[in-house]
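Numbered from 1 within each chain, the chains take letters A, B, ... in sequence-line order.
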Number of protein chains: 4
Amino acid sequence: MHLASTMGAMGEVRRRGRPRSATADRAILEATRELLVENGYAGLSMEGVAARTGVGKPTVYRRWPSKGALVAEAVNHGFLAATPGRGVDPPDTGDIEADIRQWLRGYAALAADPRHTPLVLALTAAAAENPQDAEVLYQQLTGPRHEALVERLRRGVDAGQVRADADLDAVADAVTGALLYQLLTGNAAASERRAAALVDILLGGLRAGPGEA
Amino acid sequence: MHLASTMGAMGEVRRRGRPRSATADRAILEATRELLVENGYAGLSMEGVAARTGVGKPTVYRRWPSKGALVAEAVNHGFLAATPGRGVDPPDTGDIEADIRQWLRGYAALAADPRHTPLVLALTAAAAENPQDAEVLYQQLTGPRHEALVERLRRGVDAGQVRADADLDAVADAVTGALLYQLLTGNAAASERRAAALVDILLGGLRAGPGEA
Amino acid sequence: MHLASTMGAMGEVRRRGRPRSATADRAILEATRELLVENGYAGLSMEGVAARTGVGKPTVYRRWPSKGALVAEAVNHGFLAATPGRGVDPPDTGDIEADIRQWLRGYAALAADPRHTPLVLALTAAAAENPQDAEVLYQQLTGPRHEALVERLRRGVDAGQVRADADLDAVADAVTGALLYQLLTGNAAASERRAAALVDILLGGLRAGPGEA
Amino acid sequence: MHLASTMGAMGEVRRRGRPRSATADRAILEATRELLVENGYAGLSMEGVAARTGVGKPTVYRRWPSKGALVAEAVNHGFLAATPGRGVDPPDTGDIEADIRQWLRGYAALAADPRHTPLVLALTAAAAENPQDAEVLYQQLTGPRHEALVERLRRGVDAGQVRADADLDAVADAVTGALLYQLLTGNAAASERRAAALVDILLGGLRAGPGEA
DNA sequence: CCCTAAACGAGACGGTACGTCTTGTCTTGCT
DNA sequence: AGCAAGACAAGACGTACCGTCTCGTTTAGGG
């Protein structure tokens, strides 16, 4: 999440000089999303973003130092807007299988939406191209979701629905990774169906006792 | 696989003046790999490849029409060289769990090698940036491995080690995706360990009957 | 000469609000001179002047609307300071040749001083780049000197030392122009010597009757 | 004079690779002249030149490393084209006064032409802004003319029309400088008339014996 | 003795140009 | 014919300034 654009309403220091325009912030992020959908990550340029927004290039660079950082925030905003009321993290009804399946199907459906697929691919490209963009992306987007999923699974352990010795991080990696891999291989269509199947198998393995035993 | 790189060594007609061919091919691919390791995908340029190889740009473009295609072949060559004797696909000893665990650990170790991680990330970037590079990459690299894994699992079904109604494609997605996701999040270190844990859980789920449903 | 900076001592209306800081005025002009000496006219920026002075850009623009106007006043101040007691215009001892030679040598020496050459070149650049800066510069700096020189020559005519039909403006142009040309061609070193030689020749021509005609 | 554009016809080394386009050379120089006339030196940009020519910026920078160098050659070409048949240096009919007057009037007329004044001012600005552009300009344009004038005067000395002890360089500086000064002060109109008057006076001084004597 | 208007520093704004880099194509001369 | 070399048109890169604007903070009159 970008700092300068979100603070300021509160009564902190208020740096001197003309404050940054919140309008410009929003317009830039929206233009970024549009251009990503139209041209993909490779076809996105800071120049183009500035031009479409009707803003000078320095105004863009002042806020986001790189394509990766810009894309991170643009996509994040887009996703937050796309999941308005309902939360972004798995529910907890007590039924772990239903909870995780619902959550994963929701994500699969979201990612498979043709308006969102290019955004996810853009994030992936940014992360794959530049390790420090990857870091930012993980902090802002992927990490929290990973943690929330692990946390939900941990509550499943507490409830005795999941065996205690399971590597929950590995499960979360598999769930997220499978989704990502399907988008990368152009298999977004299969995504939702396979997500359900995967939850079946994973939870089967998580319910049972350890491996060979 | 590109054509020009395979002909030339043999003694065919020898059209006027092209003795360099095979040498240039190999040198270009090697330079590409070096530059990927040094600068990442974003820092790779056709210009730079030509310069490092000591070759004119048209010589590069004549063989590979895009950065993506060049990277695909360069990385593929690099991997084939890295797994010299032993095959690249899962073994079949009859013990499905051991086979898949061994195969996945091997891949995890290969990908976690600091000389290979940048190459995998480059492939990911190429696929994420450009759908048609993604297509090429899937055809050449990922697809065959996916198929081989599914095939091995299918033999597990035949042997009664895996339940028949499982979505084997979903499993293969999860396995490959988890690996990829770990590399993207800079978690290559955890890769090998989590790979083993994941195999445990997945095969547990595959052995058991279907979920609650 | 800039207006706002010189008035104020007198008892006019005294606009309300905080008066402009005379200190800032002087500091800006000095910073301008320093930067001109260091980086030349091309390397001078309003931004740089404000930064070096420790002043906001509007404070500069409020006083001088353009680089040219700022440079004009900065250099003028510098010159006035450099010729403290003695006048800036030719003396009148009755001996026209001595008067003009002394005056021209003084100017040549002043302009050849490495601390002043960049200032003169800056004025030239400003005038050459922008006709209306040229106009301002002529009004403030060059014009008065030209007129004073012509006036001194005219008194030579009255005294019978200079022939009456001579084009005194042409002579003044030649004297000033020669100096300027020497600075432009990096020949400041030769300036003082050639100035004397030129006075010899010009006054020889001015004493004698008209040419062949 | 630019090297690469003029040599090449002769049988030297002929660097490898695609040769530079002579057409582009000419078009760039012409666009430069047009833009100078339209917007002056301050309003000239490499960007603008490239755009008007329909050429990429690197194509401009490959040939001329700076605005100054570009302007030098552009103006030089323009002047050579403007004085087609007749020479650019003073004639020698034996009558030194007539020769110099004619030559100077020619130059005054040329420079006073509204199509040429901006070009001369541009040269002046370039020289005044940047000492090394000044050097280039002097080598290419001003120096040779200065030398030619001094040479003509020297022949006047040989012919006994000019006194031997005169500083001919000072005279040449005065002649060129007066012209330049008139352009800078927006006095191009007076130029031709004053040029004639100046020649009268200077040659009067040159004919007579030394100063007071 | 506050009130208020102007100037202050800071710095963001929409822009333009900078000089460099890369892209993919092309045109050379050499081999 | 294929090669290296390198010029070409195009256009993005990230930076520096432009001249204007909007802030919150002085600073002095004048009411």
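Judged as a side chain to side chain contact (heavy atoms under 4.5 Å, CB included), and not counting sequence neighbours, the contacts of D/A134 are D/A127. Listed by chain and number, the residues in a side-chain hydrogen bond (donor to acceptor under 3.5 Å, both in side chains) with B/Q132 amount to none (sequence neighbours excluded). Residues meeting the side-chain hydrogen bond (donor to acceptor under 3.5 Å, both in side chains) test with D/T59, sequence neighbours left out: none. In this view, A/L36 and A/T32, A/Y41, A/L44, A/V71, A/V75, A/L119, A/A122 satisfy the side chain to side chain contact (heavy atoms under 4.5 Å, CB included) rule, not counting sequence neighbours.
Considering only the side chain of A/Y61, F/dT15 comes nearest among E/dG14, F/dC23, F/dT15.
Within the structure, side-chain hydrogen bond (donor to acceptor under 3.5 Å, both in side chains) pairs that include any residue of residues 42-52 of chain A comprise A/E34-A/R52, A/E38-A/R52, A/E47-A/K57 (at least two apart or interchain).
At E/dC13, one or more side-chain N or O atoms of A/R63 fall inside 4.0 Å of OP1 or OP2 (strictly under the cut-off). Of the side-chain N and O atoms in C/T59, none sit less than 4.0 angstrom from OP1 or OP2 of E/dA7. Checking the phosphate oxygens (OP1, OP2) of F/dA28, no side-chain nitrogen or oxygen of C/R20 falls inside 4.0 Å.
Listed by residue number, A/S45, A/M46 are the residues of residues 29-46 of chain A with a heavy-atom contact under 4.0 Å to DNA chain F.
Within 4.0 Å (heavy atoms only), C/G54 reaches sugar-phosphate atoms of the nucleic acid but no base atom. If you check every strand for non-hydrogen atoms under 4.0 Å, B/P65 touches nothing.
Residue side chain A/K57 reaches the base of F/dG14 through a donor-acceptor N/O pair under 3.5 Å, judged by distance alone. For D/R18 and E/dC26, a side-chain-to-base donor-acceptor distance below 3.5 Å is present, hydrogens and geometry of angles not being considered.
If you find the closest nucleotide of DNA chain E to D/P58 and to D/G48, the one lying nearer the 5' end belongs to D/G48. Comparing C/S21 and D/E47 by the nucleotide of DNA chain E whose heavy atom lies nearest to each, the residue mapping closer to the 5' end is C/S21.
Salt-bridge check for D/D25 with D/R63: passed, with a basic side-chain N closer than 4.0 Å to an acidic carboxylate O.
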